[in-house]
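The structure under discussion appears below in the form of structure tokens.
Just so it is clear: chains get the letters A, B, ... in the order the sequence lines come, proteins before strands, and each one is counted from 1. The figures here come from the full heavy-atom set of this structure, side chains too, leaving out hydrogens, waters and symmetry mates.
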Number of protein chains: 2
Amino acid sequence: MATLKEVAHIAGVSIATVSRVLSNSDYPVSPQTREAILKVAEDVGYSPNRAARSLRTERSSLIGVILDNFSSQWAPIIIRGIQDVLHNSGYFTLVVNIPWEKYSQTDVVQDMLGHSVDAFVFVETWHPVSERREMLNNRPYVIVHRLFHQSDPHSIIPDEAHNSALVVKHLLKLGHKKIAYIAGDSDYFSSSQRLDAYLYTMRAAGFAIQADWIARGDWSIRSGYACAQRILAADIMPSAIVAANDGLAYGALLAVIDAGLSVPADIAIVGYDNNDISSMSNPTITTVTLPLFLMGQVAAENLLRQLQTDDCEFAEQLIPGQLIVRQSCGAPEGKDVYARDYLRATME
Amino acid sequence: MATLKEVAHIAGVSIATVSRVLSNSDYPVSPQTREAILKVAEDVGYSPNRAARSLRTERSSLIGVILDNFSSQWAPIIIRGIQDVLHNSGYFTLVVNIPWEKYSQTDVVQDMLGHSVDAFVFVETWHPVSERREMLNNRPYVIVHRLFHQSDPHSIIPDEAHNSALVVKHLLKLGHKKIAYIAGDSDYFSSSQRLDAYLYTMRAAGFAIQADWIARGDWSIRSGYACAQRILAADIMPSAIVAANDGLAYGALLAVIDAGLSVPADIAIVGYDNNDISSMSNPTITTVTLPLFLMGQVAAENLLRQLQTDDCEFAEQLIPGQLIVRQSCGAPEGKDVYARDYLRATME
DNA sequence: CTTGACACAGTAAACGTTTTCCGATAAAGT
DNA sequence: ACTTTATCGGAAAACGTTTACTGTGTCAAG
């Protein structure tokens with residue numbers, strides 16, 4: 001591997017000059033010398049030794065990315081968004097999945113600091129804010145798709161209020177007035193956000209909500225089934241059910257069908273997350289898709305801003321999702337196909 | 001951040017000695033000094049500067065992991081397997097998803113070499129062997145879950161022959177003699193492997209195969225549907241269909257049902273890959289699961305062996321999968337539940 | 001003609017390790 | 001008692017950068 005020294009020797013200049021040209025510093029260098037050096041560097045295939053550079057500058061062009069669950073339906077897409085931006089800016093990511101029964105987040109952060117990462121990204125994972133700042137050695141950080149309640153201004157999260165309003169307004173527009181709701185596990189941030197927005201939008205539209213129209217599940221198909229059964233036994237039968245994710249929605253779908261009713265004729269159903277289940281069920285389920293790739297990009301851009309300026313002004317950033325209209329709500333269908341070519345899509 | 005120098009100063013020894021103790025070299029150091037140094041290092045929270053170490057030793061404790069498709073159903077699990085082993089041995093991974101319409105593999109490899117990665121892992125991706133060795137600067141490498149035909153002794157791949165035999169023998173044991181087959185896209189390595197093993201096992205068992213029992217699809221649900229229709233129109237109607245993946249199997253399932261037949265009573269169906277689709281369909285589909293986590297682990301262990309010894313003796317390594325018996329083949333069912341709690345499982 | 005100011009290039013120190021070489025002490029063999 | 005050998009510790013060089021400092025030469029303003 002060629003070094004500065006060799007390039008300098010061939011070009012007949014000092015290594016300082018070569019360094020200044022090749023690390024695009026703004027130190028003045030005459031056009032001829034610059035030209036000559038660039039040519040030599042190209043010829044010998046010079047590539048800077050990151051270790052040496054890192055040792056000297058105390059920056060590594062490495063960014064630590066920490067997650068709990070690599071195999072979540074969201075994480076890989078978010079990471080692609082992050083890398084899309086960071087790689088273009090010359091950064092590499094140290095992606096680590098922490099099975100938190102095995103390693104502590106703190107240990108991993110320590111190890112990463114040993115590699116002198118410039119910043120951190122937490123994906124769908126969480127650590128008490130009070131400790132975080134010092135734990136990270138005051139490096140910039142960002143949390144993307146924070147799942148839990150603990151608030152943090154460095155978060156990039158879906159705009160659940162907007163999304164919920166999207167869903168409820170869509171149903172209202174289709175003429176539904178009696179809309180029930182199946183909430184998710186209350187430990188999760190998005191769960192209460194989605195529920196709150198449902199309540200707010202309904203009230204803002206001037207519609208009453210029956211107490212027995214609201215059930216709370218734990219995200220699973222099974223609990224969606226159980227919740228829907230409770231809702232179907234309500235004093236006033238609703239004409240639509242909004243579920244806080246596609247698993248619950250699919251469970252509700254099964255329950256409604258098992259009760260001898262039809263979807264969407266008798267009861268409309270809407271889910272969340274655009275999980276594969278929602279495009280493969282029969283009927284397919286109208287749902288809200290989260291802009292995961294975009295969230296990753298935004299997170300990375302935020303991080304870059306923190307790295308470039310020392311401006312650490314920060315506010316939670318909300319990214320709106322999109323409604324995907326399918327069969328389960330009775331509206332004219334969007335462009336989505338019945339059984340999406342799942343494997344085809346993932347293999348291309 | 002504490003340095004060797006500080007530790008040395010406090011412990012009252014030279015940095016050379018501290019280095020020898022802290023980088024567990026086998027250079028003789030008296031127990032007392034060792035003890036003292038370790039204590040001081042612990043107290044000040046010493047953590048070695050990887051950049052400096054890397055500059056000196058020309059190793060980085062970094063391993064480059066390159067993939068095409070982060071969001072494939074296999075990749076995240078494989079990566080977790082890889083990291084499980086590598087992280088325990090003090091390595092970090094530089095995971096990069098290459099959208100190959102955007103960047104060239106060669107560029108990414110170059111960038112990684114700039115960070116002086118010690119070795120490479122290619123996940124489900126491919127590059128001509130002839131160029132590879134020099135492109136990688138003679139660093140060790142390993143390919144895990146190679147999808148294409150181009151053979152390479154450094155590959156860790158599923159033992160498709162074993163898996164196919166598993167499936168066919170299972171059906172033969174259930175009394176099926178007329179077994180049809182839907183193959184996948186012939187560009188893919190596993191496709192031909194699975195087909196070959198089907199043919200071999202059938203012949204070895206002494207059963208004839210009708211030409212119109214074999215159809216070729218492209219992995220998609222749609223093509224599974226079409227292939228099954230062709231097979232159902234065969235001169236001699238088969239009693240079972242083996243499909244090269246779960247998408248094809250699901251398509252076949254739909255076709256059989258649409259033809260007014262029942263699964264498994266009239267036709268048994270078996271798929272591959274234990275995709276979510278196979279556990280959510282009705283009936284659920286018997287399938288073969290690939291040991292992805294294990295494959296990642298094996299790959300990482302191979303890499304470590306290459307790094308430690310300079311022994312580059314290498315042979316393709318085949319990892320056998322497992323049969324998951326579900327409803328679609330008519331056998332007494334395994335422990336798998338009907339609609340697996342998909343989201344629950346991914347969120348925990 | 002002086003005096004800055006500026007553009008450009010080079011010298012050398014520093015970053016934190018590892019490791020070679022060398023010296024000192026002690027134990028063991030003659 | 002003298003060599004040999006093993007054990008332990010230190011001094012110092014090196015890895016490839018970046019950058020503060022210094023030193024030229026040129027040019028414009030006074």
Side-chain angles (χ1 to χ4, degrees), chain A residues 1-38 40-41 44-62 90 110-118 137, chain B residues 1-38 40-41 44-62 90 110-118 137:
Chain A
M1 280 258 145
T3 70
L4 277 191
K5 203 166 157 186
E6 302 180 47
V7 175
H9 181 73
I10 299 178
V13 293
S14 75
I15 57 169
T17 314
V18 179
S19 169
R20 292 196 261 255
V21 170
L22 264 28
S23 58
N24 20 337
S25 113
D26 47 2
Y27 194 91
V29 173
S30 78
Q32 307 96 300
T33 4
R34 159 158 291 144
E35 203 66 28
I37 289 172
L38 285 175
V40 174
V44 303
Y46 171 80
S47 161
N49 180 319
R50 310 304 279 245
R53 173 177 287 179
S54 170
L55 175 61
R56 182 59 225 251
T57 62
E58 304 193 303
R59 355 184 112 224
S60 58
S61 304
L62 253 31
Q110 278 300 325
D111 286 352
M112 285 186 164
L113 284 174
H115 278 270
S116 51
V117 294
D118 296 339
N137 212 353
Chain B
M1 279 259 147
T3 71
L4 275 191
K5 203 165 155 188
E6 303 181 46
V7 175
H9 181 73
I10 299 178
V13 293
S14 77
I15 58 168
T17 315
V18 179
S19 169
R20 293 197 260 254
V21 171
L22 263 28
S23 59
N24 20 338
S25 116
D26 48 1
Y27 194 91
V29 173
S30 76
Q32 307 97 296
T33 6
R34 160 161 283 137
E35 201 66 28
I37 290 172
L38 285 174
V40 174
V44 304
Y46 171 79
S47 162
N49 181 320
R50 311 302 278 246
R53 174 177 289 177
S54 171
L55 176 60
R56 182 57 225 251
T57 61
E58 303 195 302
R59 2 186 104 220
S60 59
S61 305
L62 252 32
Q110 277 302 324
D111 285 353
M112 284 184 165
L113 284 174
H115 278 269
S116 49
V117 294
D118 296 340
N137 213 354

Between [N] ([atom2]) and [X] ([atom1]): distance, integer Å:
X       : N       : atom1 : atom2 : answer
R59(B)  : dT19(C) : CZ    : C1'   : 14 Å
R34(B)  : dT7(D)  : CZ    : P     : 14 Å
H115(A) : dT17(C) : NE2   : P     : 13 Å
D26(A)  : dT19(D) : CG    : C1'   : 12 Å
L22(B)  : dT19(C) : CG    : P     : 14 Å

Open item on the list: Let's test your reading of the model: under 3.5 Å, does the base of dA20(D) pair with the side chain of Y27(A) as donor and acceptor?
Closed with: no
- [ ] With heavy atoms under 4.0 Å as the rule, sort S54(A) into base, sugar-phosphate or nothing.
- [x]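 Nothing: the residue S54(A), judged by heavy atoms under 4.0 Å, touches no strand.
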TODO: Answer yes or no: does a side-chain N or O of S30(B) lie under 4.0 Å from OP1 or OP2 of dG9(D)?
DONE: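 Answer yes for this pair, as a side-chain N or O of S30(B) is under 4.0 Å from OP1 or OP2.
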- [ ] State whether T33(B) places a side-chain N or O below 4.0 Å from either non-bridging phosphate oxygen (OP1 or OP2) of dC8(D).
- [x] no
- [ ] Find the distance between CG (L38(B)) and OG1 (T33(B)) and round it off to the nearest 0.5 Å.
- [x] 10.0 Å
- [ ] Scan nucleotides 11-16 of chain D nucleotide by nucleotide, 5' to 3', and note B when protein non-hydrogen atoms come under 4.0 Å of the base, S if they reach only the sugar-phosphate, - if neither.
- [x] B-BBBB
Partner residues of [X] under the side chain to side chain donor-acceptor pair (under 3.5 Å) criterion, sequence neighbours left out:
X      : value
S47(A) : none
S14(B) : T17(B)
S54(B) : none

Can I get a per-line list of side-chain donor-acceptor pairs under 3.5 Å for residues 20-28 of chain B, giving both atom names and the distance, sequence neighbours left out?
residue, atom, partner, partner atom, Å
S23(B), OG, S19(B), O, 2.6
S25(B), OG, Y27(B), N, 2.9

Open item on the list: Tell me which pairs pass side-chain hydrogen bond (donor to acceptor under 3.5 Å, both in side chains) where either residue lies in residues 1-11 of chain A, with sequence neighbours left out.
Closed with: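 Of all non-adjacent pairs touching residues 1-11 of chain A, none passes side-chain hydrogen bond (donor to acceptor under 3.5 Å, both in side chains).
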Task: Residue V13(B), side-chain heavy atoms: nucleotide from dG10(D), dA9(C), dG10(C) that is nearest - done: dG10(D)
